[in-house]
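To start, the structure itself, in structure tokens.
These numbers come from a predicted model, not from an experiment. Hydrogens, waters and symmetry mates play no part in the numbers below; they use all other heavy atoms, side chains included.
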Amino acid sequence: MTSPYHQHRRVLVASLVGTAVEYYDFYIYATAAALVFGPLFFPASSPAAQLMLSFLSFGLAFIARPFGAVLFGHFGDRIGRKSTLVASLMLMGVSTVLIAFLPTYATVGWVAPLLLCILRFGQGLGLGGEWGGAALLAVENAPRGWRARFGMAPQLGAPVGFLAANGLFLLIGMGLSEAEFAAWGWRIPFLASAILVGLGLWARLKINETPEFAQALAHEPPAPVPIGELIRNHALATFAGTFAVVACFAIFYLSTAFALAHGTTALGYDREVFLAVQLAAILFLVLGIIVAGVRADATSAVRVLTWGCAATIVMGLMFGSLLGSGSLWVVWAVLSFALFVMGFVYGPLGAWLPSLFPPRVRYTGTSVAFNAGGILGGAVAPIAAQALSEIGGTSLVGLYLTIAGVFSLAGLMLARRSERDKASLADKRSAFTP
């Protein structure tokens, strides 16, 4: 008998490749923001202030993501998943490539950070429509009992994109001097994005519309304004999904963007050495996603997510002190453990979040919840962590992870209440049906 993976390999590849490209584009900005954007685009009184401004520009994309979720969700729920995913990939790719050609503050003054922020907003707008559509592409094609394992495909795009981004920065850093890297070497990963975007478009243009969306259109016309219907009928589920994704964003960006900036400045590690440490640690995210996806199909996505939230709460209590321990091996161990735990709060989301919404508003609902949660967990995380480390060192940083775990656990509990309310309403309606 042919494996479901083999039967749907084209869909799974399109789902994985697209999100890998998107996360590559998104993370090369995070890496550049941690390493060079501060002094190049944001003149300030101190390196710490420059880094803070650089992270603020990084967070701008998270503000744009909910707007992208509404925009692309509207078309994804009305005209289809495939064409919307192609458009989101194009917007993200063009914004990323143009960053490679930006002048610096020393050349054009305040225009440089303005242009950088505009293109960063474009990156966020494109990514706002990406993840939700990629998740639906996978799970709406999944056979019965395989939704979580199919939902792993877009989730695996995150570590793949990270490996490509940091791997390229590592190779460039090894081949160039500090002056060459700051002058022009950082632009190479942004230019290379054009090749990856072409690969993603090639994969996505070869797929068909998802069967669940096609069936939904056959039964009733699409929602005229999906975001309006989402707010009227599915507000509680949207809030629940938003809170539930906070932990995965917080773990990822504290273990990557903040850890890289802190490790290469306050802790004094060599940039290439620390990038190599992160590349080794990210493999545990892959392992965590796979284990969580398999367990979610064997038990339930909610149960696995709950395990992950509990582990995040505990892990946050030790994260900060171990990150600042002074031992590179300890740093690698805590980053590896954190990213493995992230697999449990991230891997099942591809199956769980879409299950909160009916097909007619699923693209909008999934995208809005995921990207609104990204503001709390992703945009705020490196900024808050930088501020906390300035106040009381890295020991305070882990508290952010603990709080994020509590937020996500509350989201899962809220989702259960939403499901109970829906079931109760359905029972009442059936009782009055003659």
What pair of heavy atoms forms the shortest contact from [X] to [Y], and how long is it?
X	Y	answer
A250	A404	CB-CB, 3.7 Å
N166	L279	CB-CD2, 3.6 Å
L85	G129	CD2-O, 4.1 Å
I28	A165	CG2-CB, 3.4 Å

Original post:
salt bridge (charged side-chain N to carboxylate O under 4.0 Å, His left out) between R204 and E130: does it pass, once the steps are laid out?
Top reply: CA-CA 12 Å; R204 288 189 168 172; E130 167 57 32; 2.5 Å; yes
Are any side-chain N or O atoms of [X] and backbone N or O atoms of [Y], one a donor and one an acceptor, separated by less than 3.5 Å?
X	Y	answer
Q278	T256	yes
S367	T364	no
T96	S193	no
S325	V330	no
R65	N371	no
T19	P154	yes
T84	G80	yes
Q155	Y346	yes
R187	L102	yes
R362	F357	yes

**OP:** Report, as yes or no, whether the 6.0 Å neighbourhood of atom OH on Y269 holds more than 12 heavy atoms from other residues, nucleotides or ligands.
**Re:** yes
Original post:
Is the number of heavy atoms from other residues, nucleotides or ligands under 6.0 Å of F121 CZ greater than 12?
Top reply: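 Yes, the 6.0 Å shell around CZ holds more than 12 heavy atoms from other groups.
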Original post:
Is E140 salt-bridged to K82, going by a charged N under 4.0 Å from an acidic O?
Top reply: no
Original post:
What class does the angle between the rings of H262 and F258 fall in, given that below 30° is parallel, 30 to 60° is tilted and above 60° is perpendicular?
Top reply: parallel
Aromatic ring centroids of [X] and [Y] under 6.0 Å?
X	Y	answer
F190	Y24	no
Y400	Y253	no
F370	W131	yes

Original post:
Are L412 and C309 close enough, and set up right, to give a side-chain contact (heavy atoms from CB on, under 4.5 Å), and what steps lead you there?
Top reply: CA-CA 9 Å; L412 295 175; C309 290; 3.9 Å; yes
Subject >> Test: R120 cationic atom under 6.0 Å from Y29 six-membered ring centre, within 45° of axis >> reply: yes
Original post:
Quick one: does NZ or CZ of R271 land under 6.0 Å from the six-membered ring centre of F181, within 45 degrees of the ring axis?
Top reply: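 Here R271 passes the 6.0 Å and 45° test against F181.
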**OP:** Could you give me the CA-CA distance, side-chain angles and deciding distance for F169 and W186, then say whether ring-ring contact (aromatic ring centres under 6.0 Å, His included) is met?
**Re:** CA-CA 8 Å; F169 268 107; W186 64 268; 8.9 Å; no
Subject >> Nearest-0.5 Å distance that lies between atom CD1 in I289 and atom CG in L285 >> reply: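 Interatomic distance, I289 CD1 to L285 CG, rounded to 0.5 Å: 4.0 Å.
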Subject >> CG-CZ distance between L401 and F319, expressed to the nearest 0.5 angstrom >> reply: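 If I round to the nearest 0.5 Å, the distance is 5.5 Å.
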**OP:** Go through the steps to decide whether F37 and I99 satisfy the test side-chain contact (heavy atoms from CB on, under 4.5 Å), and finish with yes or no.
**Re:** CA-CA 11 Å; F37 278 176; I99 290 175; 4.2 Å; yes
Original post:
Given L116 and F42, is the side-chain contact (heavy atoms from CB on, under 4.5 Å) satisfied, shown in steps?
Top reply: CA-CA 10 Å; L116 180 67; F42 301 100; 4.0 Å; yes
